[in-house]
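Inspection log for the structure reproduced underneath, given as structure tokens.
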Amino acid sequence: MARRGFTMKLYPDFAAEYRQRHDEIWPELAALLKKYGITDYSIFLDETSFTLFGVMTVEDLTKLDQLPQEPIMQRWWAYLQDIMETNPDHSPVSITLEEVFHLP
């Protein structure tokens, strides 16, 4: 098991919309994330900077490289591209963070 932390950037004034879309997460997307070994996944929002901070536990980090090829993942990214910073393929602009401390 490994942990992955990352940041993303929400466009100003879209915090409520982002929350709503995640409150209504598609069951097939949740199932896909679990299929890829993602558990204990949380996203936090700094409402002063619109920075999103995500952290998840992953069985195998190398499997995450395959996730962008999944049609459900691509649809989810397209669904969110109007409220957050994205790459040309609609994936979120995401910065992986190095874990420097963990207290289990």
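The figures that follow rest on heavy atoms only: side chains count, while hydrogens, waters and symmetry mates do not.
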Exercise for the section: Taking only Lys NZ, Arg NE, NH1 and NH2, and the carboxylate oxygens of Asp or Glu, determine whether Glu17 and Arg21 approach each other closer than 4.0 Å. Expected result: yes

Handout entry: Salt bridge present between Glu28 and Arg75 (N-O < 4.0 angstrom)
Key = yes

Exercise for the section: With sequence neighbours excluded, tell me which residues meet side chain to side chain donor-acceptor pair (under 3.5 Å) with Thr62. Expected result: Asp60

Problem - Considering all heavy atoms, the nearest His90-Trp77 contact - result: O-CB, 3.1 Å

Exercise for the section: Taking the side chain as every heavy atom from C-beta outward, state whether Thr7 and Leu97 have any atom pair closer than 4.5 Å. Expected result: yes

Handout entry: Side chains of Tyr36 and Glu59, donor plus acceptor under 3.5 Å
Key = no

Handout entry: Shortest non-hydrogen contact between Leu45 and Ala15, atoms and distance
Key = CD2-CB, 3.4 Å

Practice task
Kindly state whether the ring of His22 and the ring of Trp76 have centres lying under 6.0 angstrom apart.
Solution key: yes

Handout entry: Same apolar cluster: Val58 and Val55, side chain cutoff 4.5 Å
Key = no

Completion exercise
Residue pairs meeting salt bridge (Lys or Arg N to Asp or Glu O under 4.0 Å), one or both in residues 32-52, sequence neighbours left out, come to Arg19-Glu47

Fill in the blank from the handout: On a heavy-atom basis, the closest approach of Leu80 and Tyr18 is CD1-CE1, 4.5 Å

Completion exercise
Rounded to the nearest 0.5 Å, the CE atom of Met56 sits from the OG1 atom of Thr39 at a distance of 10.0 Å

Exercise for the section: Find out if a path of hydrophobic residues (ILVMFWY) with successive side-chain heavy-atom gaps under 4.5 Å connects Tyr79 to Ile83. Expected result: yes

Completion exercise
All heavy atoms of Ile72 vs all of Leu29, minimum pair found to be CG2-CA, 3.8 Å

Handout entry: Nearest heavy atoms of Phe50 and Asp13, plus distance in Å
Key = CE2-N, 3.6 Å

Exercise for the section: Say whether Ile43 and Leu32 are linked into one hydrophobic cluster, either directly or through other cluster members, by side-chain heavy-atom distances under 4.5 angstrom. Expected result: yes

Completion exercise
Output for pair (Met8 CE, Ser91 OG), nearest 0.5 Å, gives 11.0 Å

Practice task
Working to the nearest 0.5 Å, report the span between CZ of Arg4 and OH of Tyr41.
Solution key: 11.0 Å

Handout entry: Shortest non-hydrogen contact from Met73 toward Leu67
Key = CB-O, 3.5 Å

Exercise for the section: With side chain to side chain contact (heavy atoms under 4.5 Å, CB included) as the test, would you mind laying out the steps for Phe6 and Phe53 before giving the verdict? Expected result: CA-CA 6 Å; Phe6 55 94; Phe53 166 69; over 6 Å; no

Problem - Whether Lys63 side chain and Ile38 backbone form a donor-acceptor pair below 3.5 Å - result: no

Exercise for the section: Report the C-alpha separation of Met84 and Lys9 in whole Å, then their side-chain angles, then the decisive distance to 0.1 Å, and conclude whether the side chain to side chain contact (heavy atoms under 4.5 Å, CB included) test is met. Expected result: CA-CA 6 Å; Met84 65 189 306; Lys9 194 79 166 184; over 6 Å; no

